[in-house]
Amino acid sequence: MVNEYETLLREPVQPKDGTRGNERPMALVDHVEEDPEPLVELANRHVVSARQFDRRTVAQLCRMAAMYETTPHLMQPPLAGKILISAFYEPSTRTRLSFESAWHRLGGDIMSITDPASTGIAKGESLADVAEMFNNYGDLVVLRDSSDTAVYEMLESLRIPIINAGNGIDEHPTQALADVYAIFKWRPALLDAQVSDADRIRIGIIGVPGRMRTVRSLLLFLSLFPQAISEVVIICDTDDPFDDGQKAELEQAGLKLRVARRLNNELPELDVVYINSIAWVGDTFERLGEELALTARSPLKPGSIILHPLARGEELSTDLDATPHNWYFAQARGAVYIRMALLTTITQRIYQVMDLST
């Protein structure tokens, strides 16, 4: 086994290039005028749904995330002395680690719970009582739970903010913030109040909005920017992928939606391809059909980008990793910075960061 990796073991690990890719977030910072007002309104609030955000707040969160991404050395840790309760009652890698990385980078300390069997919940303790205890131990809670209702059951008892890190098939708002942050770094002009017909984009979402929390929240965020999107194509193996009222809500907000079954027929016209393979069914999940997969042989539009919340399976081939279509790794990297922006805002430390950035 050692011989197989001898070359890699012989050489030292190469340090990260701290400037690689910075031109993208720097362009976003330059494009969006700083406006702290919508972030002030988010301070000390719970975040459980994408419906809580408006266009100005999303734009300013993306701008602050881009500031963190481009100039981390200028930022003094604004959360020194603050404690995050990281409560993940459902398996997670990227979401948990990116939240904890974000909080550590901001100077705070963390208490983690990764198994509900190790808590009073296993003894029958109510979520309301758990929330009451959280008030005494930390300054903010990040919760992931397989139940749609768990985060809501805690709200009345909480006197510290809580962030929904995924609740059943309901929502995953911070993942969707990372998704739109990637899109706006790719093309900051999509944040403009007016976008010409020639510059509007077509987005394809490979997934089932009614059973995928990431897709549900992403569509809600996209509905804040209908002026930038010519069409959203939902590509799946069912004719009715929406929950009751879900499509009507999005169309009322201005999104033009269409459902399609044949992926390769749509790819040549899509500017952004968002793929997520896992749809939840009860306490388990199912994957999309094998025909709904992307490889380097797929007829992708030149210049288009691929997003994926990860972890991936066979639906996203590794032969796309070295192509310009790969924005899913940048999407995962950016999740740390958009969560840093959100945490800074909720904990009322935005002016400290803005003063340091000028």
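- Note on R213 versus D148: no salt bridge recorded, every NZ/NE/NH1/NH2 to OD/OE distance being 4.0 Å or above.
- Taking the side chain as every heavy atom from C-beta outward, P226 and R55 approach each other to under 4.5 Å.
- In this structure, R144 fails the cation-pi test against F88, since its NZ or CZ atom is not both closer than 6.0 Å to the six-membered ring centre and inside 45 degrees of the ring normal.
- When hydrophobic clusters are built by joining Ile, Leu, Val, Met, Phe, Trp and Tyr residues whose side-chain heavy atoms come closer than 4.5 Å, directly or via intermediates, I160 is grouped together with L155.
- Listed by chain and residue number, F221 satisfy the ring-ring contact (aromatic ring centres under 6.0 Å, His included) test with F53 (two or more places apart in sequence, or in another chain).
- No side-chain donor-acceptor contact under 3.5 Å links N276 to the backbone of G207.
- Checked by atom type and distance alone, the side chain of S98 pairs as donor or acceptor with a backbone atom of T95 at under 3.5 Å.
- Distance check, rounded to the nearest 0.5 Å: OG of S223 to CZ of R51 gives 9.0 Å.
- Looking at heavy atoms from C-beta onward, I275 lies out of side-chain contact with L292 at the 4.5 angstrom threshold.
- Looking only at atom types and distance, the side chain of D145 has no donor-acceptor partner in the side chain of S147 under 3.5 Å away.
- Without hydrogens or angle criteria, Q246 side chain to P209 main chain gives a donor-acceptor distance under 3.5 Å.
- Cluster membership check: V151 shares its hydrophobic cluster with M133, using side-chain heavy-atom separations under 4.5 Å among Ile, Leu, Val, Met, Phe, Trp and Tyr.
- Between the side chain of S298 and the main chain of T295, a donor-acceptor pair closer than 3.5 Å is present.
- When all heavy atoms are compared, the tightest approach of L342 to V47 is CD1-CG2, 4.3 Å.
- Other residues, nucleotides and ligands contribute at most 12 non-hydrogen atoms within 6.0 Å of the CG atom of D244.
- Taking CG of N164 as the reference point, atom OH of Y152 lies at 6.5 Å (rounded to 0.5 Å).
- Cluster annotation: Y337 is not connected to L97 through the hydrophobic network of ILVMFWY side chains, with a link wherever side-chain heavy atoms come within less than 4.5 Å.
- Side-chain polar atoms of D192 and H31 form a donor-acceptor pair below 3.5 angstrom.
- Considering only heavy atoms from C-beta on, R56 comes within 4.5 Å of E37 through its side chain.
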- Applying side chain to side chain contact (heavy atoms under 4.5 Å, CB included), run through L222 and V180 and close with a yes or a no. CA-CA 8 Å; L222 294 179; V180 295; 4.3 Å; yes
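- Between the side chains of T323 and N326, not a single donor N or O lies within less than 3.5 Å of an accepting N or O.
- In this structure, R105 and Y68 have side chains that are not in contact, with every pair of non-hydrogen atoms separated by 4.5 Å or more.
- The local environment of CD in E269 is sparse, with at most 12 non-hydrogen atoms from other residues, nucleotides or ligands closer than 6.0 Å.
- Checking side-chain atoms of S146 against main-chain N and O of G168 turns up no donor-acceptor pair under 3.5 Å.
- In terms of heavy-atom proximity, S304 sits nearest to H325 at O-ND1, 2.8 Å.
- Ring-centre distance between F225 and F184: below the 6.0 Å cut-off.
- In this structure, Y137 is a member of the same hydrophobic cluster as Y89, with clusters built from ILVMFWY side-chain heavy atoms closer than 4.5 Å.
- Side-chain N or O atoms of R216 include one that pairs as donor or acceptor with a backbone N or O of G210 at under 3.5 Å.
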- Give the C-alpha distance, both sets of side-chain angles, the deciding distance and a yes or no for side chain to side chain contact (heavy atoms under 4.5 Å, CB included) between L28 and V32. CA-CA 6 Å; L28 193 156; V32 178; 4.2 Å; yes
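- Of all heavy-atom pairs spanning C62 and Y181, the tightest one is O-CE1, 3.4 Å.
- In this structure, D319 contributes its side chain and A296 its backbone to a donor-acceptor pair below 3.5 Å.
- The heavy-atom pair separating D239 from V259 by the smallest distance is O-CG1, 4.2 Å.
- For the salt bridge (charged side-chain N to carboxylate O under 4.0 Å, His left out) condition, the pairs that include at least one residue of residues 172-185, sequence neighbours left out, are E69-K185.
- For the 3.5 Å distance criterion, the side chains of S49 and E171 qualify, holding a donor opposite an acceptor.
- For the pair W327/I183, no side-chain contact is recorded, criterion being any heavy-atom separation below 4.5 Å from C-beta on.
- Here NZ of K301 is found 8.5 Å from CG of L270. Values are rounded to the nearest 0.5 Å.
- Atom OG1 of T344 is separated from atom CH2 of W103 by 9.0 Å, given to the nearest 0.5 angstrom.
- With a 4.5 Å cut-off on side-chain heavy atoms, W186 and L307 do not count as touching.
- A distance of 7.0 Å separates CG of L255 from CG of L219, quoted to the nearest 0.5 Å.
- Of the possible donor and acceptor atoms, none in the side chain of R258 sits under 3.5 Å from a partner among the backbone N and O of E231.
- The two residues G166 and H172 have their closest heavy-atom pair at N-ND1, 4.0 Å.
- The two atoms that bring I338 and L61 nearest to each other are CD1-O, 3.6 Å, heavy atoms only.
- Between Q60 and M64, every side-chain heavy-atom pair lies at or beyond the 4.5 Å cut-off.
- For T318 and D321, the side-chain atoms include no donor-acceptor pair closer than 3.5 Å.
- To the nearest 0.5 Å, atom NE2 of residue H308 and atom CG of residue L316 are 5.5 Å apart.
- In this structure a side-chain-to-backbone donor-acceptor pair under 3.5 Å is present from N135 to S157.
- With contacts defined as side-chain heavy-atom distances shorter than 4.5 Å, the pair T57/T345 does not qualify.
- Side chain of T238 to backbone of P241: no donor-acceptor contact under 3.5 angstrom is found.
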